[in-house]
Amino acid sequence: MKSHSKPLLRALSGQTCVPPPIWLMRQAGRYLPEYRETRARGRNFLDVCLTPELAVEITLQPIRRYALDGAIMFSDILIVPHALGQKVWFEDGVGPKLEPLRRAEDLEKLAPAAMAEALAPVYETLRCLRRDLPPEVTLIGFAGAPWTVASYMIEGGTSKDFARAKTWAYREPEVFARLIDLLSEVTADYLCAQVEAGAEALQIFDSWAGIWPEAALRRWCLEPVKAIVARVKSQHPEVPIIVFPRGVGVLYEAFAREVGADALSLDTTVPLDWARAHLQDKVAVQGNLDPLLLVAGGEAQRDAVKAILEALGAGPFVFNLGHGITPQASTDHVADLVAQVRAWRPET
Ligand code: CP3
């Protein structure tokens, strides 16, 4: 199949597809019994991400079950700090942990030169997936945006208020900028290498963009993401890039105008009519079902899916969630969702 006849690539190029293509953020994960089974075969989560045989199998699981339009390679945004030499581990039931960066000297320990070798298994995973995926399915690569990754590197894990990272940025913006610039460069290279290994579309996750006031948001999120998009596009102009600046509210419009992305992934709070009026005339949009509706199911889920399809289905659109699927999601509710999207036609 020619790449432009894949539904997801068509939608990302600005075409309206009826019905729209669908994939789900974090579609491979603990809500799937087969994931839990494969995951138990690795020593730990990072080991699973860096073992191509396991990462390929896990990537394919949601495709086999639901015939989704996009397969997102199985990995994590914290692979990048790991590849830079920072200590990263995942504690069951707690989440990611990192040996935190606390002062300017800690930045000197990061080793970009070691990255290519550390990330080699990711590229092998992508090469295998391009061979094994059904021809109509688009292979999606991804990375975290510099700010979201930096927040974990500084806080040492998930944080409620990002107090250390934000205070550091406000007190020593030049030092903080060195970290953001370093991450921008290595992330652009990483995304280019993913394309060279077979990724056909890319998503940049700025999951914690929404915690900044406007000026800082522009400096630490919008500008670095824009620089990454420009750098990747200069090497691979044909590969569509989706940006997910979660929680940025009306500044979604600045992202649509300024970053040069092909599509924006909308978080759950973005009003549908506003997105149609202010975003969909500039970029393709993706989103934004509340992931908790896949826990609740039933009429609440059905009505919300219909509202999204009716508001955004008449333009360039990719059905997705407003954030990652939760481990409590029901596999039956995901099946209902996919069936409803596949059956949808605009009312005439
Ligand atoms: O979509 C996919 O199937 C691809 C895989 C994927 C994972 N993480 C696997 C994962 C992707 C795209 C990510 C991105 C990611 N990782 C983000 C950005 C998107 C978002 O959700 O905001 C962030 C912030 C992370 C960091 C991270 N990784 C956290 C906070 C956690 C713990 C929370 C949790 O769900 O446990 C992880 C672990 C993680 N990443 C798991 C999976 C499947 C669970 C690990 C396990 O199996 O024990």
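Scope of the values below: all heavy atoms of this structure, side chains included, with no hydrogens, waters or symmetry mates. Here, residue 1 is the first one in the sequence, and each next residue gets the next number.
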| request: First locate atom CG of Asp290, then atom OG1 of Thr268, and finally report the distance between them rounded to the nearest 0.5 Å. | output: 4.5 Å
| query | How far does NZ of Lys97 sit from CG of Leu78, to the nearest 0.5 angstrom? | reply | 12.0 Å
Do NZ/NE/NH1/NH2 and the carboxylate oxygens of [X] and [Y] come within less than 4.0 Å?
X      : Y      : answer
Glu155 : Arg102 : no
Asp303 : Lys306 : no
Arg178 : Glu174 : no
Arg26  : Asp76  : no
Glu34  : Arg64  : no
Arg127 : Asp132 : no
Arg39  : Asp92  : yes

Where does the angle between the aromatic ring planes of [X] and [Y] fall among parallel (under 30°), tilted (30 to 60°) and perpendicular (over 60°)?
X      : Y      : value
Phe142 : Phe205 : perpendicular
Phe74  : Phe45  : perpendicular
His278 : Trp274 : parallel

| request: Give me the one residue out of Arg218, Lys226, Lys282 that meets side-chain hydrogen bond (donor to acceptor under 3.5 Å, both in side chains) with Glu258. | output: Arg218
| query | Do Leu84 and Met115 touch side chain to side chain, with heavy atoms closer than 4.5 Å? | reply | yes
| Do the side chains of Leu292 and Met25 join up, straight or via other hydrophobic residues, at under 4.5 Å, putting them in one cluster? | no
| query | Looking just at side-chain N and O atoms, do Gln286 and Trp23 make a donor-acceptor pair shorter than 3.5 Å? | reply | yes
| query | For Trp212, is the NZ or CZ atom of Lys166 found under 6.0 angstrom from the centre of its six-membered ring and inside 45 degrees of the ring axis? | reply | yes
